[in-house]
Student: 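For reference, the structure I am asking about is given below.
Protein chains get the first letters and strands the later ones, always in sequence-line order, with residue 1 at the start of each. Reckoned from all heavy atoms, side chains included, excluding hydrogens, waters and symmetry mates.
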Amino acid sequence: MYLNDRNTTAELLHYRALSVRGVLSVEDARNLKIYESGFSGEYLYDKIFDEVGHDNLYIFRDVYLAVGKSGAQYDSIIIADDVITVNEIKNYSDEYYYKNGRFIKNGEVVPDNPFTQVDRAVGKLYRKCRNAKISTEIKSKVIFPNDDFRLYSEDTSIWKNVVIRMDLKKYFRQFKDSYNTEKAGSLVSVIRAHISPNPYFNGRSNVDRLRTGLYCGSCGDFNLIKTRYHRQCVSCGTKESNETHMLRVMSDYKYLFYGEVMTRRSILELIGNEFDKKVVYRAFLKHCDAHKQGNQMYYAFKYYDFDDAYKQTKKFMKHRDYLA
DNA sequence: ACCATTCGCTTCTGGCATCC
DNA sequence: GGATGCCAGAAGCGAATGGT
C-alpha cells in the first residue's frame, strides 16, 4: 500500500506555470521536457505496480530524506519482508549503451549515472537505520518502465541491478508472498521522520518577464470574456468560475515564486488586476493560511497544487465550471 | 417521460465606511 | 495605503412547475 501520494514535483509545476505564461528559454523548455518525461515514467511505474497489487507492502513515493547537511531523493521505497528496496525510476526511451560506467545515447554520454545515484541513496538510508539502531538489508534496482527502451552492455554485471519494462510485472510479483512485521513499522517511522522538502529546487529564476492575467484552464488562452461570476474562453468556450481561476493563480504563484511569500499585491500583479482586490482577499480567507506581520498580511496556499485544491473544494463551490 | 421556463434561496460582488 | 466590516443588489443553481 502507498504511504503517501505521488504529487507532481515542484520543478514540473514550476516549468508548467512558466510555460503557460510564455517565457520559456531553450534551457527551460528542455527542463520542462525532462521533468514531464520523468513524471510520466513514475506514473507508469505506479500503474503497473497497481495492476500487480501491493496491499501487503509499505511503499513511499517521491520522498526526499534529509541526512545531516545533505540528503537524497527516492523515487520509490518498498518495504517487504522487513527488507527495504530502493527503486530509481528512469524513463529512458530508444537505444542506450552502457560502457565504462556510463550510459551513452546517440554517441553522447548521459551526464548522470543512475547506478551511482541509487548507491548513494542506499548509503544514506543505511546511515539512517544505523543511527536509529535498526539493522536491515537494503536492496536496490534501477527501473526502466518505458516500453521503447533498449539497453546494450558489454559489462554483464549491470543486469542484476536493472529491471526493464518486460520484466517489471515479474519483478513486482516477487513481492506477492512477502509480509511485514513490527520491524517494518519501525522502518516506516524512521523514514517518515526524515522526510523533508526538497532543498534542491529554487524556483526564483527566470520569472521577470511573465505574462500577466488570467488564462483558460483547458486551452491556456488569455483571451477571456468577463461575466459576473465566471470567465469564458473566447477560443474554446470553456467557462470557469472566478474561484477556480483564483485557485489556479494561487497555485501558479506558489511554484513560479517557490518559497516566496504571497501577498494580495503580488497576486493582483500576476493577474494584471483582472479581479477586484476584494475577490482576491476573500479567496485568501477561504483557501490560505494567513500570517500577519505588522500591517502586512502574508498568505500560504493551503493545498499542494491546483489539482489538489480543485479536488478538495469542487463540491463546495457555488459556481460551476463548464468545460467546452 | 422529456424538455423549457420560472421561482426562490443562497452567496458573490463591489461600493462605501472604518480602523490602523 | 491596506485590511476588514456591512450591505444592497444581482447572478447562479437546483427545484418546482408547466407544456407537449
Student: Go through residues 229-254 of chain A and report each residue with a non-hydrogen atom lying under 4.0 Å from DNA chain B, sorted by number.
Tutor: A:Tyr229, A:Asn242
Student: Is the NZ or CZ atom of A:Arg211 both under 6.0 Å from the centre of the six-membered ring of A:Phe222 and within 45° of that ring's axis?
Tutor: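 Ring-cation test returns yes.
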Student: Would you kindly compare A:Arg264 and A:Thr227 by the position of their nearest DNA chain C nucleotide and give the one closer to the 5′ end?
Tutor: A:Arg264
Student: Parallel, tilted or perpendicular: which describes the rings of A:Tyr98 and A:Phe115, with under 30° parallel and over 60° perpendicular?
Tutor: perpendicular
Student: With sequence neighbours left out, write down each residue that passes side chain to side chain contact (heavy atoms under 4.5 Å, CB included) with A:Asn223, or none if nothing qualifies.
Tutor: A:Asp221, A:Val234
Student: Is there a side chain to side chain contact (heavy atoms under 4.5 Å, CB included) between A:Asp94 and A:Asp148 once you walk through the steps?
Tutor: CA-CA 6 Å; A:Asp94 303 326; A:Asp148 196 26; 3.3 Å; yes
Student: Test ring-ring contact (aromatic ring centres under 6.0 Å, His included) on A:Phe172 and A:Tyr45; report intermediate values, then the result.
Tutor: CA-CA 10 Å; A:Phe172 286 146; A:Tyr45 171 97; 5.2 Å; yes
Student: Whole angstrom is fine here: how far is it from OH in A:Tyr281 over to P in C:dG1?
Tutor: 19 Å
Student: Please give me every residue in residues 310-320 of chain A whose heavy atoms get under 4.0 Å of an atom in DNA chain C, ordered by residue number.
Tutor: A:Lys318, A:His319, A:Arg320
Student: Less than 3.5 Å apart, which donor and acceptor atoms pair up between the side chains of residues 272-279 of chain A and the rest of the protein, not counting sequence neighbours?
Tutor:
{"from": "A:Glu274", "atom 1": "OE2", "to": "A:Leu214", "atom 2": "N", "distance (Å)": "3.4"}
{"from": "A:Asp276", "atom 1": "OD1", "to": "A:Lys278", "atom 2": "N", "distance (Å)": "2.8"}

Student: What does A:Tyr299 touch in the nucleic acid at a heavy-atom separation under 4.0 angstrom: a base, only the sugar-phosphate, or nothing?
Tutor: sugar-phosphate
Student: How would nucleotides 15-20 of chain B be written as a contact map, 5' to 3', with B for base contact, S for sugar-phosphate-only contact and - for no contact, using protein heavy atoms under 4.0 Å?
Tutor: BB----
Student: Mind checking A:Lys277 for me? I need base, sugar-phosphate or nothing, with any heavy atom below 4.0 Å counting as a touch.
Tutor: nothing
Student: Quick one: do A:Ile158 and A:Val142 satisfy side chain to side chain contact (heavy atoms under 4.5 Å, CB included)? Show the steps, please.
Tutor: CA-CA 10 Å; A:Ile158 66 161; A:Val142 177; over 6 Å; no
Student: Does NZ or CZ of A:Lys254 come closer than 6.0 Å to the centre of the six-membered ring of A:Phe301, within 45° of the ring's axis?
Tutor: no
Student: Just how far, in rounded Å, is C1' of C:dG5 from CE of A:Met297?
Tutor: 15 Å
Student: What contact category does A:Tyr322 fall into here, base, sugar-phosphate, or nothing, at under 4.0 angstrom with non-hydrogen atoms?
Tutor: sugar-phosphate
Student: Identify the two heavy atoms, one from A:Asp62 and one from A:Asn7, that lie closest to each other, and give their separation to 0.1 Å.
Tutor: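 Closest approach of A:Asp62 to A:Asn7: OD2-O, 4.0 Å.
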Student: Can you name the nearest heavy-atom pair linking A:Ile134 to A:Val190, along with the distance?
Tutor: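 Residues A:Ile134 and A:Val190, closest heavy atoms: CD1-CG2, 3.7 Å.
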Student: Could you list the donor-acceptor pairs under 3.5 angstrom formed between side-chain atoms of residues 47-61 of chain A and any protein atom two or more places apart in sequence or on another chain?
Tutor:
{"from": "A:Asp50", "atom 1": "OD1", "to": "A:Tyr2", "atom 2": "OH", "distance (Å)": "2.8"}
{"from": "A:Asp50", "atom 1": "OD1", "to": "A:His54", "atom 2": "NE2", "distance (Å)": "2.8"}
{"from": "A:Glu51", "atom 1": "OE1", "to": "A:Lys169", "atom 2": "NZ", "distance (Å)": "3.0"}
{"from": "A:His54", "atom 1": "NE2", "to": "A:Tyr2", "atom 2": "OH", "distance (Å)": "3.4"}
{"from": "A:Asn56", "atom 1": "ND2", "to": "A:Phe175", "atom 2": "O", "distance (Å)": "3.0"}
{"from": "A:Asn56", "atom 1": "ND2", "to": "A:Lys176", "atom 2": "O", "distance (Å)": "3.1"}
{"from": "A:Asn56", "atom 1": "ND2", "to": "A:Ser178", "atom 2": "O", "distance (Å)": "2.9"}
{"from": "A:Arg61", "atom 1": "NE", "to": "A:Asn4", "atom 2": "O", "distance (Å)": "3.2"}
{"from": "A:Arg61", "atom 1": "NH1", "to": "A:Asp46", "atom 2": "OD2", "distance (Å)": "3.0"}
{"from": "A:Arg61", "atom 1": "NH2", "to": "A:Asn4", "atom 2": "O", "distance (Å)": "2.9"}

